[in-house]
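What follows is a set of notes on a single structure, which appears directly below.
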Amino acid sequence: MCGIFGYWLKRPLNVADIELGRKATAMLNHRGPDGQGEWLDRDAGFFLGHTRLAVLDLSTASSQPMRRGRTMAAFNGEIYNFKELRTELIDLGISFSTTGDTEVLLAAWEQWGRACLDRLDGMFAIALFDGEKLHLITDPFGEKPLFIAETKDGIFFSSEAQVIISLLGLPFVPQEEQISQFLALGFFLPPETGFKGLQYLPSATIRLYKKARLVEELKYWEAPSLAPFSRSKHRVSETDIDYLADILIRSLRRRLRADVPTGLFLSSGVDSALIAAITSRELDMPLDCMTVAFPDGVDESRQAALIASHLGLQHQVVDSQTN
């Protein structure tokens, strides 16, 4: 989990603007304690900040914002299939100076443009600036957030809403329809947030800005319809089960790539138990497991301990009342 913050003003930057950008970026330090970086273009009125949680290529060579050619990038998330993409790009004659996923993302954008998004397996919120155009992009399922405020002075964007709310002093004035949504669903439907002028960029969305003004928004991916499957009377076969298991194994192998120790939050549910079982039995990657105990609420630590014991995994219980 990293943090990005940036703005593109309709005028050149002054000293106060730059200090404001640094202050706002620092508000995201809890998202990225391993480094804070910035890049700015005074004449263009552009500032881009990043706080890094280092998981891949721990060297400063992979610090962000990162530049390749004319394009500067900062992103929150991870490109899980970056190794496969890196190999493909090397075969096309492209060289790399880092071993992380950020440079691969930039090279893929340089090589294929927007079409590279169809090749990415990951979760991400991305800002790409080439001096003339700013692309703000979210992953297919909206796992990584990106909040945007368009003002008379320019555009502001951040991984967390509170940064922009504090910076611009935005009031909370939800409309009646938004209140109904929240009461029915427990959240506001994107792009609305309830704060005046603040939007949440929907999943699988590209927003293109020129001269700090929105010129295009499009969806680059739509989830396939499940209707044909819901009507199907096809019985699940051993082949189907093997196919699903292969998908899960390959998916987890990609998601466990890291240059730091990895672990697993283990509940007593099917999902985390399945991940624990696959990593230990199929991938031979026994993870250290952790469960947070809530003695005064729903406490799954005892059942989680039984799962860890059955799989032969190290398990630690953290008491929510003492930590």
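All heavy atoms count here, side chains included; hydrogens, waters and symmetry mates do not.
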With a 4.5 Å limit on heavy-atom distance, are the side chains of Ile148 and Tyr209 in contact?
yes
Kindly say whether Gly3 contributes a backbone atom to a donor-acceptor pair with the side chain of Asn76 at under 3.5 angstrom?
no
For the residue pair Tyr80 and Met123, establish whether any side-chain heavy-atom pair is separated by less than 4.5 Å.
yes
Only counting residues at least two apart or in another chain, list the ones meeting salt bridge (Lys or Arg N to Asp or Glu O under 4.0 Å) with Glu143.
none
Do Met285 and Ile275 sit in one hydrophobic cluster, given that two such residues count as connected whenever their side-chain heavy atoms are within less than 4.5 Å of each other, even indirectly?
yes
Let me confirm one number: the CD1-CG distance from Ile278 to Leu248, rounded to the nearest 0.5 Å.
4.5 Å
Is there a donor-acceptor contact under 3.5 Å linking the side chains of Gln111 and Arg119?
no
Under 3.5 Å: donor-acceptor pair, side chain of Ser180, backbone of Glu176:
yes
Less than 4.5 Å apart, side chain to side chain, heavy atoms only: is that true for Leu287 and Leu313?
no
Are any side-chain N or O atoms of Asp153 and backbone N or O atoms of Leu9, one a donor and one an acceptor, separated by less than 3.5 Å?
no
Only residue of Lys23, Arg11, Arg42 satisfying salt bridge (Lys or Arg N to Asp or Glu O under 4.0 Å) with Asp17 is Arg11
So, Thr99 side chain and Asp57 main chain: donor-acceptor pair closer than 3.5 Å or not?
no
Using only atom types and a distance under 3.5 Å, with no angle test, would you say the side chain of Ser159 pairs donor to acceptor with the backbone of Ile4?
yes
Hydrophobic clusters here meaning ILVMFWY residues chained together by side-chain heavy-atom distances under 4.5 Å, can you tell me if Phe75 and Leu120 are in one?
yes
With side chain to side chain contact (heavy atoms under 4.5 Å, CB included) as the test, would you mind laying out the steps for Thr279 and Leu264 before giving the verdict?
CA-CA 10 Å; Thr279 54; Leu264 173 68; 5.6 Å; no
I'd like to know if Tyr7 and Leu146 are part of one continuous hydrophobic network [Ile/Leu/Val/Met/Phe/Trp/Tyr, side-chain heavy atoms within less than 4.5 Å].
no
Distance in Å, Leu128 CG paired with Glu110 CD, rounded so as to fall on 0.5 Å steps:
11.5 Å
With sequence neighbours excluded, what pairs up with Glu132 under the side-chain hydrogen bond (donor to acceptor under 3.5 Å, both in side chains) test?
none
Assess whether atom NZ of Lys10 is packed by more than 12 heavy atoms of other residues, nucleotides or ligands within 6.0 Å.
yes
Flag yes if more than 12 heavy atoms outside His310 fall under 6.0 Å of its NE2 atom; otherwise flag no.
no
Is a donor on one side and an acceptor on the other found under 3.5 Å between the side chain of Asp139 and the backbone of Lys144?
yes
Min side-chain heavy-atom separation Trp109-Ile126 under 4.5 Å
no
Are Ser158 and Phe5 packed together at the side-chain level, in the sense that at least one heavy-atom pair is separated by less than 4.5 angstrom?
yes
Enclosure of Asp284 CG (heavy-atom neighbours >12, cutoff 6.0 Å)
no
Is there a donor-acceptor pair under 3.5 Å between the side chain of Thr193 and the backbone N or O of Leu198?
yes
Do the side chains of Leu189 and Phe187 get nearer than 4.5 Å, heavy atoms only?
yes
Just wondering, more than 12 heavy atoms not from Phe265 lying within 6.0 Å of its CZ?
no
Have Asp240 and Ser237 got a donor and an acceptor in their side chains that come within less than 3.5 Å?
yes
Look only at the side chain of Glu216 and the backbone of Leu208, and say whether a donor-acceptor pair between them is shorter than 3.5 Å.
no
Verify, without hydrogens or angle tests, whether Arg207 (side chain) and Leu136 (backbone) share a donor-acceptor contact under 3.5 angstrom.
no
Can a cation-pi geometry be assigned to Arg68 and Phe96, taking NZ or CZ under 6.0 Å from the six-membered ring centre and within 45° of the ring axis?
yes
Using side-chain heavy atoms (C-beta onward) and a distance below 4.5 Å, is Ile79 in contact with Leu85?
yes
Tell me if the NZ atom of Lys219 is crowded by more than 12 foreign heavy atoms within 6.0 Å.
yes
Honestly curious: do Met66 and Leu105 fall in one hydrophobic cluster under the side-chain, below-4.5 Å linking rule?
yes
Out of the candidates Phe156, Phe47, Phe129, Phe157, only one should pair with Trp8 under the ring-ring contact (aromatic ring centres under 6.0 Å, His included) rule; please name it.
Phe129
Value rounded to 0.5 Å, distance of CD in Gln303 from OG in Ser267
9.5 Å
Linked, directly or transitively: Leu13 and Phe46 (ILVMFWY side chains, under 4.5 Å)
no
Residue Phe188 excluded, over 12 heavy atoms near CZ under 6.0 Å
yes
Going by side chain to side chain donor-acceptor pair (under 3.5 Å), name the pairs with one or both residues in residues 246-258, residues two or more places apart or in two chains.
Glu84-Arg257, Asp121-Arg254, Asp121-Arg255, Asp246-Arg250, Ser251-Arg255
With distance as the sole test, does Asp101 use its side chain to make a donor-acceptor pair with the main-chain N or O of Glu78 at under 3.5 Å?
no
